[in-house]
Amino acid sequence: MAEFVSNPVTVSEETYLDFTSETIWPQLCPTREYDWIEHWECDLVRSASGYNELDCVFLRDFPGECGRETWVTSRFEPFQRIEFVRTNQARVIRFVIELTPDGAGTVLRWTQHITPLNAEGNEYVKDKPRAFKAQMGMLAKILAHYLETGDMFRG
C-alpha cells in the first residue's frame, strides 16, 4: 500500500471595502450571515451569545467542499482578526480574516492554510488558488452590497 503524502496549500486574497472594521466585523458571524449570504445555512452548536465568539462551533455543508464541515472560532479579536478551524473527512483549513483600517475603509485579508488528510483532500487543493480568488471576490462583493443597501445580494 502506497503511503499518503499530504500537499498543503496556502491561499490569500486582499479586498478593500469602503466601510470601517466596526461596521464589517459584526457580519463575520454564522448567525448574521443569514442576512447577507444567499442560501446560507448552518447548525449553530455552541455559542453563549447566539453570535460568533471565541470557541463558537457550527456545522456547514458547502457544495464542492468535500462534505459537511465543523467550524470552530479559534481566535476572536474584535474589529481586527478572526480565525476559524474548518475540518471534514478530506482536509483541515485554518481560515484567517484580518481587518486593517485604510483611510475611510478597511482592507480585508482572507487567508486559508489547507492541509489535505487524504487523496480527496489533495484533489481539493489543486484548483484552490484560482477558486479562492473568485470566492473571496464574490464574498466581498455581496458583503459590500449588504453594507451599502441593507439588502441581500441576489444572483
Side-chain angles (χ1 to χ4, degrees), residues 8-117 120-121 124-125 128 131-155:
V9 171
T10 295
V11 290
S12 191
E13 285 295 321
E14 284 189 2
T15 56
Y16 176 85
L17 294 180
D18 200 17
F19 297 91
T20 65
S21 62
E22 290 80 7
T23 301
I24 296 166
W25 179 261
Q27 306 316 315
L28 304 177
C29 166
T31 303
R32 290 195 171 112
E33 288 177 356
Y34 281 97
D35 296 335
W36 63 276
I37 300 178
E38 189 174 25
H39 308 297
W40 175 260
E41 290 183 25
C42 74
D43 295 318
L44 191 60
V45 174
R46 180 181 183 199
S47 170
S49 66
Y51 298 99
N52 205 3
E53 58 197 24
L54 187 61
D55 297 325
C56 177
V57 177
F58 60 100
L59 306 174
R60 177 77 174 114
D61 194 356
F62 290 103
E65 292 289 326
C66 305
R68 191 164 174 85
E69 297 179 313
T70 300
W71 289 57
V72 179
T73 304
S74 58
R75 190 166 174 179
F76 192 83
E77 299 173 18
F79 316 118
Q80 297 173 25
R81 184 184 184 108
I82 191 164
E83 293 187 20
F84 301 95
V85 173
R86 301 171 51 184
T87 187
N88 63 20
Q89 78 279 352
R91 43 100 186 121
V92 175
I93 298 174
R94 185 166 59 94
F95 186 11
V96 180
I97 306 169
E98 299 167 287
L99 295 84
T100 305
D102 186 355
T106 303
V107 172
L108 286 93
R109 182 171 185 82
W110 317 81
T111 304
Q112 289 188 357
H113 305 279
I114 309 161
T115 303
L117 301 175
E120 182 184 12
Y124 169 82
V125 299
K128 195 59 177 177
F132 188 72
K133 182 175 183 64
Q135 289 168 337
M136 294 308 99
M138 179 54 78
L139 196 62
K141 178 180 177 176
I142 65 175
L143 177 55
H145 176 83
Y146 176 76
L147 294 173
E148 288 168 6
T149 68
D151 294 323
M152 181 183 294
F153 179 86
R154 307 245 182 221

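Just so you know, residue 1 is the first one in the sequence shown, and it goes up from there.
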Those residues that, when tested against Val11, pass side chain to side chain contact (heavy atoms under 4.5 Å, CB included) (two or more places apart) = Val9, Gln112, Ile114, Lys128, Pro129, Phe132

Salt bridge (Lys or Arg N to Asp or Glu O under 4.0 Å) partners of Asp43, counting only residues at least two apart = Arg68

Least distance between heavy atoms, Thr31 atom then Tyr34 atom = O-CD1, 3.3 Å

Between side-chain atoms of residues 140-155 and protein atoms elsewhere (two or more places apart, or another chain), which donor-acceptor pairs fall under 3.5 Å?
residue: Thr149; atom: OG1; partner: His145; partner atom: O; Å: 2.8
residue: Thr149; atom: OG1; partner: Asp151; partner atom: N; Å: 3.0
residue: Thr149; atom: OG1; partner: Asp151; partner atom: O; Å: 3.3

Residues two or more places apart in sequence or in another chain: which of them pass side-chain hydrogen bond (donor to acceptor under 3.5 Å, both in side chains) with Trp36?
-> none

Donor-acceptor pairs are to be reported for all side-chain atoms of residues 44-55 against protein atoms at under 3.5 Å, with residues two or more places apart or in another chain.
residue: Ser47; atom: OG; partner: Gly50; partner atom: N; Å: 2.9
residue: Ser47; atom: OG; partner: Tyr51; partner atom: N; Å: 3.1
residue: Ser47; atom: OG; partner: Tyr51; partner atom: O; Å: 2.6
residue: Ser49; atom: OG; partner: Tyr51; partner atom: N; Å: 3.1
residue: Ser49; atom: OG; partner: Tyr51; partner atom: O; Å: 3.3
residue: Ser49; atom: OG; partner: Glu53; partner atom: OE1; Å: 2.6
residue: Asn52; atom: OD1; partner: Thr73; partner atom: OG1; Å: 2.6
residue: Asn52; atom: ND2; partner: Leu28; partner atom: O; Å: 3.1
residue: Glu53; atom: OE1; partner: Ser49; partner atom: N; Å: 3.2
residue: Glu53; atom: OE2; partner: Ala48; partner atom: N; Å: 2.5

Return a table of donor-acceptor pairs under 3.5 angstrom between the side chains of residues 79-87 and protein atoms on other chains or two or more places apart.
residue: Arg81; atom: NE; partner: Glu83; partner atom: OE2; Å: 2.7
residue: Arg81; atom: NH1; partner: Glu98; partner atom: OE2; Å: 2.9
residue: Arg81; atom: NH2; partner: Glu83; partner atom: OE2; Å: 2.7
residue: Glu83; atom: OE1; partner: Arg94; partner atom: NH1; Å: 3.3
residue: Glu83; atom: OE2; partner: Arg75; partner atom: NH1; Å: 3.4
residue: Arg86; atom: NE; partner: Glu69; partner atom: OE1; Å: 3.3
residue: Arg86; atom: NE; partner: Glu69; partner atom: OE2; Å: 3.2
residue: Arg86; atom: NH2; partner: Glu65; partner atom: OE1; Å: 3.2
residue: Arg86; atom: NH2; partner: Glu69; partner atom: OE1; Å: 3.1
residue: Arg86; atom: NH2; partner: Glu69; partner atom: OE2; Å: 2.8

Just jot down the ring-ring contact (aromatic ring centres under 6.0 Å, His included) partners of Phe19, sequence neighbours excluded, or say none.
-> none

Considering residues at least two apart in sequence or located in another chain, which fulfil the side-chain hydrogen bond (donor to acceptor under 3.5 Å, both in side chains) criterion with Thr106?
-> none

Residue Glu77 excluded, over 12 heavy atoms near CD under 6.0 Å | yes

Minimum-distance pair of heavy atoms, taken over all atoms of Arg91 and Gly121 = CB-CA, 4.5 Å

Residue list, side-chain hydrogen bond (donor to acceptor under 3.5 Å, both in side chains) with Arg109, at least two apart or on another chain | Ser12, Glu14

Residue list, side chain to side chain contact (heavy atoms under 4.5 Å, CB included) with Pro78, at least two apart or on another chain | Trp25, Phe76

How would you list, by chain and number, every residue that makes a side-chain hydrogen bond (donor to acceptor under 3.5 Å, both in side chains) with Thr23, sequence neighbours excluded?
-> Thr20

